[in-house]
Amino acid sequence: MTGYVRLRKTVWRHFNIYDRERMQKFLERQALKGWILDDFAGNFWYFRKELPKKRHYSIIYMPKKTMTEDVFNQRVGEFQDYCRHAGWKCETANDYIRIYYNDLEDPTPIETDPVSDLDSMEKVVRLRQNFRLHWWFPILAITTIFNSSVRRYGTLTGIFFSHMPFVIVLTCITVLALYVTEKVSYRVWLKKAKEDIRVYGTFSDFRSYGRPKVVIWTAFTIAFAGSCVITHNTALLFVMGFVLLCFLILIGVLNFTHERLSEKARRYTVWPLAIGIVAIMFLITKSLVPVYDKIHANTGAQPPITMQDIFGEEAENSDEWWHRDESFFAASYEYYGDTKLGCIRYHITTVNLPFLYEPSFKGIQEFRSWDDYMEIPAQEWNAERVYVYVNQLGYHYYLICYEDLILELETEDVELSQEQIAMIVEKLENFS
């Protein structure tokens, strides 16, 4: 019984678009192993199995978007004729670069003019930036606008109360740092390349600066994981890990399909297969919601005041819901409880930075119908300020201000006794 013979393979390998020499040597090493380039897309390189051969590769920069269709086709045709006489054949191409190969022992180089070669390379770099910053900042804006804390405290103050805007900002800073590193390293090389052409009549290929990028990604990972732990959002780590796993599975299945199926079969199966995998992952994600909730509930996220605290044993069968949103700077806790004795809803705002207190208080004022509230003595609540509003249905709305904490309390069909108020005050004093 013969074993399976692999006829195709996919390799993930990142190269900067202008890192030509490393790409050429990579393809030549693969050819020596019997893997011949079939196609490439982004960081994915697709190879087919043939006999090992010593093959020379040459990468030509020819940006299609810098010229009209007719001019581009004419230039490609002239270039093909020139390459054919020198033994060079086009293996594959896209709108930016063309990859040629030559099986001769010592072939004539394709590009002989370093000035035009460098000029073409510069055009490609300008067209193909590695990072698209303009996508990240709209994501930050949309995340901020739809965040519940923003609606309660106002745009500028509300972003301090949620962990997610911090993660988005951290991501934008990371992308910006990577972009700047890429730009600076390229500019340094470009200046040296132009100087080498002027002095020596040639230039060396680009060498990417990998270590700064590793440092940036490491710092991002540590900051992201640390912020999740400190703000009791370890469930977010679970979600991100699962999303990454799903992405790797999807890429693996698509590459498996690319290697095993013919081009015609891939044309009819890749998209249905990808949609099916995404649908299955969505169903799995929904089934994992209880796991997420359990992780979220077991990370110090218990509500500070419960219906059992207020009503005692009579509230054992109460229906409760609560939510916490926390960051390095501030936190908000929302709770709702319902029993046969009545309903309690509260929202606690805590700030770690003093300058956030007054903007938060003003944001809550605007969020509420502030004109209906009246100030009452604060001694009973052991607070600095207390405001109350009672509507026609008997609902009591309290706004209680402490030194670094604001409590919004709403009771339905319940008038709190002095003992219950004392219990709430005691809970708040022990709450941090």
Side-chain angles (χ1 to χ4, degrees), residues 10-23 25-26 41-45 125 128-144 147 159-190 192 205-252 255 281 285 288 291-292 295-296 299-300 325-331 352-353:
T10 303
V11 178
W12 188 94
R13 187 72 180 271
H14 171 70
F15 295 101
N16 290 310
I17 190 66
Y18 38 84
D19 199 357
R20 176 173 55 185
E21 185 177 333
R22 291 177 64 232
M23 282 191 279
K25 290 183 177 179
F26 166 70
N43 294 324
F44 291 95
W45 302 80
V125 173
R128 283 283 308 269
Q129 295 296 334
N130 287 343
F131 306 102
R132 305 297 185 184
L133 293 179
H134 56 271
W135 286 110
W136 285 102
F137 294 103
I139 291 175
L140 171 62
I142 293 171
T143 304
T144 301
N147 187 272
I159 60 175
F160 290 97
F161 284 84
S162 178
H163 182 241
M164 188 53 66
F166 171 78
V167 171
I168 300 297
V169 170
L170 180 64
T171 304
C172 289
I173 292 174
T174 301
V175 171
L176 180 61
L178 291 168
Y179 177 82
V180 170
T181 301
E182 189 71 30
K183 273 291 188 182
V184 170
S185 62
Y186 172 69
R187 289 297 176 185
V188 170
W189 169 81
L190 183 61
K192 184 179 182 301
D205 280 337
F206 177 83
R207 295 298 182 190
S208 59
Y209 294 81
R211 290 184 179 179
K213 296 178 183 178
V214 172
V215 171
I216 292 171
W217 278 116
T218 302
F220 168 79
T221 303
I222 293 174
F224 171 70
S227 66
C228 289
V229 173
I230 292 173
T231 60
H232 305 127
N233 280 288
T234 50
L236 184 59
L237 290 175
F238 167 78
V239 172
M240 296 302 293
F242 178 74
V243 170
L244 179 60
L245 178 63
C246 291
F247 177 76
L248 293 177
I249 292 174
L250 178 61
I251 293 298
N255 287 336
M281 290 177 179
T285 302
L288 290 175
V291 179
Y292 173 87
I295 296 174
H296 190 65
T299 52
D325 206 352
E326 189 174 5
S327 72
F328 288 114
F329 314 104
N352 300 328
L353 302 177

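The residues of the chain are indexed from 1 along the displayed sequence. Keep in mind that what you see is a predicted model, and the values were worked out from it rather than measured.
- Remark: Phe224 pairs with no residue by the ring-ring contact (aromatic ring centres under 6.0 Å, His included) rule, at least two apart or across chains.
- The two residues Asn43 and His14 have their closest heavy-atom pair at OD1-ND1, 3.2 Å.
- Annotation: side-chain hydrogen bond (donor to acceptor under 3.5 Å, both in side chains) contacts of Ser227 (sequence neighbours excluded): His163.
- Here the side chain of Thr174 pairs no donor or acceptor atom with the backbone of Phe220 at under 3.5 angstrom.
- Atom CZ of residue Phe161 and atom OG of residue Ser327 lie 7.5 Å apart, to the nearest 0.5 angstrom.
- Interatomic distance, CG of Asp19 versus OH of Tyr186, reported as 12.5 Å (0.5 Å rounding).
- Counting only heavy atoms from C-beta outward, the side chains of Arg13 and Met23 never approach each other to under 4.5 Å.
- Taken to the nearest 0.5 Å, the CG atom of Leu190 stands 10.0 Å off from the NZ atom of Lys183.
- Below 30°, between 30° and 60°, or above 60°: for Phe15 and Phe26 the angle between ring planes is between 30° and 60°, a tilted geometry.
- The residue from Thr221, Thr181, Val180 that alone fulfils the side-chain contact (heavy atoms from CB on, under 4.5 Å) condition with Ile216 is Thr181.
- No side-chain heavy atom of Asn352 sits less than 4.5 Å from a side-chain heavy atom of Phe329.
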